[in-house]
Amino acid sequence: MKFSVPGLESLRESSASQIAEAAVILPMLFMLLLSIYWFGRAFMIYGTINHAAREGVRAAAVPSCANCIPPCAWPGSSLPCDSVIATTVTAVLQAANLDPAQAQPFTPNPLPPACPDVQPPGVCAVVSTGQFTICRNVVLNPNSTSPPVCGAIVSFQYPYEFPLPFTSLGNNSVLLKAQAQLGEEN
C-alpha cells in the first residue's frame, strides 16, 4: 500500500533538481575562482618584471656608479657596465621570489636608432648572462619632431604558465614582456 503525503512528492523533485543544478554550477564557480587567482598572479608577476626593468634602466642611465663594487664602466663612457645592470634587475626579481634564470632577452621593435654625435655610439646588446637586453645611447623619441632624447632601454620577457585545468589555457606558457626607458643624466 502506498501512502502519499501532500507536498512530499514536490519536495523530492525539488531536491533532485537542486543537486543537479549544483553539480553543473559548482565546477564553473570553482573554475572562476581559480582563474581569478591565476590571472591575479600573472598581473603581480607582470608588475614585478616591469619594476625590475625600471630599476635596471635607472642604473643604466646614471653616468657614474658610486656604489659599484668592483667599479666598472661601459667601454668608452662613464655609464655602468652590463653586470651592474644585470645585478640590479636580478635583485628585484629575487626579492619577489621570481627565478631570474627564466628571464629571456627581448629586443625593442623597431630597433631604436643611435643618438647623433654621442660617443660611444648607441647600441642594443644582450648581457653576457643572456637574460636581458640593454640599449644605451639610443634615441628614445625617434618619431618626434622635437630634438632627440638620448637614453637607455632595458627589456626582457618572463614566461608564465597558466595552470587552469579543463581550459584552453591549461599549461600554456605566455611570455610577459617588460621594457623601460629613461633619458640619460648629464
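The first residue of the sequence shown is numbered 1, and numbering continues consecutively from there.
- One hydrophobic cluster holds both V127 and V57 under the rule that ILVMFWY side chains link at heavy-atom gaps under 4.5 Å.
- Here the closest heavy-atom approach between residue H51 and residue V92 is recorded as CD2-CG1, 3.3 Å.
- Scanning all heavy atoms of the two residues, the minimum distance from L182 to A61 falls at CD2-CB, 3.8 Å.
- Heavy atoms of other residues, nucleotides or ligands lying less than 6.0 angstrom from OH of Y46 number 12 at most.
- The shortest distance between side-chain heavy atoms of P121 and Q119 falls below 4.5 Å.
- In this structure, the separation between CG on D82 and OG on S128 is 6.5 Å, given to the nearest 0.5 Å.
- A heavy-atom distance below 4.5 Å is not found between the side chains of Q157 and L176.
- A 4.5 Å side-chain heavy-atom check between T133 and V154 finds every atom pair outside the cut-off.
- Nearest heavy atoms, N137 versus P120: ND2-O, 2.8 Å.
- Using the six-membered ring where Trp is involved, Y160 and W38 have ring planes that are tilted, between 30° and 60° apart.
- Going from atom CD1 of I25 over to atom CG of L32 covers 11.0 Å, rounded to the nearest 0.5 Å.
- Here the closest non-hydrogen pair linking V24 and P27 is O-CD, 3.6 Å.
- The number of heavy-atom neighbours closer than 6.0 Å to CG of D117, taken from other residues, nucleotides and ligands shown, is 12 or below.
- Judged by distance alone, with hydrogens and angles left aside, the side-chain atoms of N50 form no donor-acceptor pair with the main-chain N or O of A180 at under 3.5 Å.
- Separating the CG atom in L26 from the CE atom in M31 is a distance of 13.5 Å, to the nearest 0.5 Å.
- By the rule that hydrophobic residues join a cluster once side-chain heavy atoms approach within less than 4.5 Å of another member, F39 and V174 end up as members of one cluster.
- Between F156 and F132, the ring centre distance stays below 6.0 Å.
- Inter-residue side-chain proximity for Q102 and Y158 is flagged as met; some heavy-atom pair is nearer than 4.5 Å.
- Within the model, atoms CG of L93 and OG1 of T48 stand 8.0 Å from one another, a figure rounded to the nearest 0.5 Å.
- Taken to the nearest 0.5 Å, the CD atom of Q94 stands 8.5 Å off from the CG atom of D99.
- No side-chain heavy atom of Q131 sits less than 4.5 Å from a side-chain heavy atom of P105.
- In plain terms, the two heavy atoms of P100 and L98 that are nearest each other are CD-O, 3.1 Å.
- Hydrophobic cluster membership is shared by L34 and I45, with clusters built from Ile, Leu, Val, Met, Phe, Trp and Tyr side chains linked at under 4.5 angstrom.
- Nearest heavy atom pair, residue A53 against residue A178, reads CB-CB, 4.1 Å.
- By the 4.5 Å heavy-atom criterion applied to side chains, I153 and P112 are counted as neighbours.
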Side-chain atoms of residues 138-152: list all donor-acceptor pairs with protein atoms under 3.5 Å, sequence neighbours left out, distances to 0.1 Å.
residue: N141; atom: OD1; partner: V149; partner atom: N; Å: 2.9
residue: N141; atom: ND2; partner: S146; partner atom: OG; Å: 3.4
residue: N141; atom: ND2; partner: P147; partner atom: O; Å: 3.3
residue: S144; atom: OG; partner: S146; partner atom: N; Å: 3.2
residue: S144; atom: OG; partner: S146; partner atom: OG; Å: 2.8

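- Between I85 and R136 there is a side-chain heavy-atom pair separated by less than 4.5 Å.
- When the salt bridge (Lys or Arg N to Asp or Glu O under 4.0 Å) test is applied to R41, no partner is found at least two apart in sequence or on another chain.
- Within the 4.5 Å cutoff, the side chain of K177 has no heavy atoms near those of the S155 side chain.
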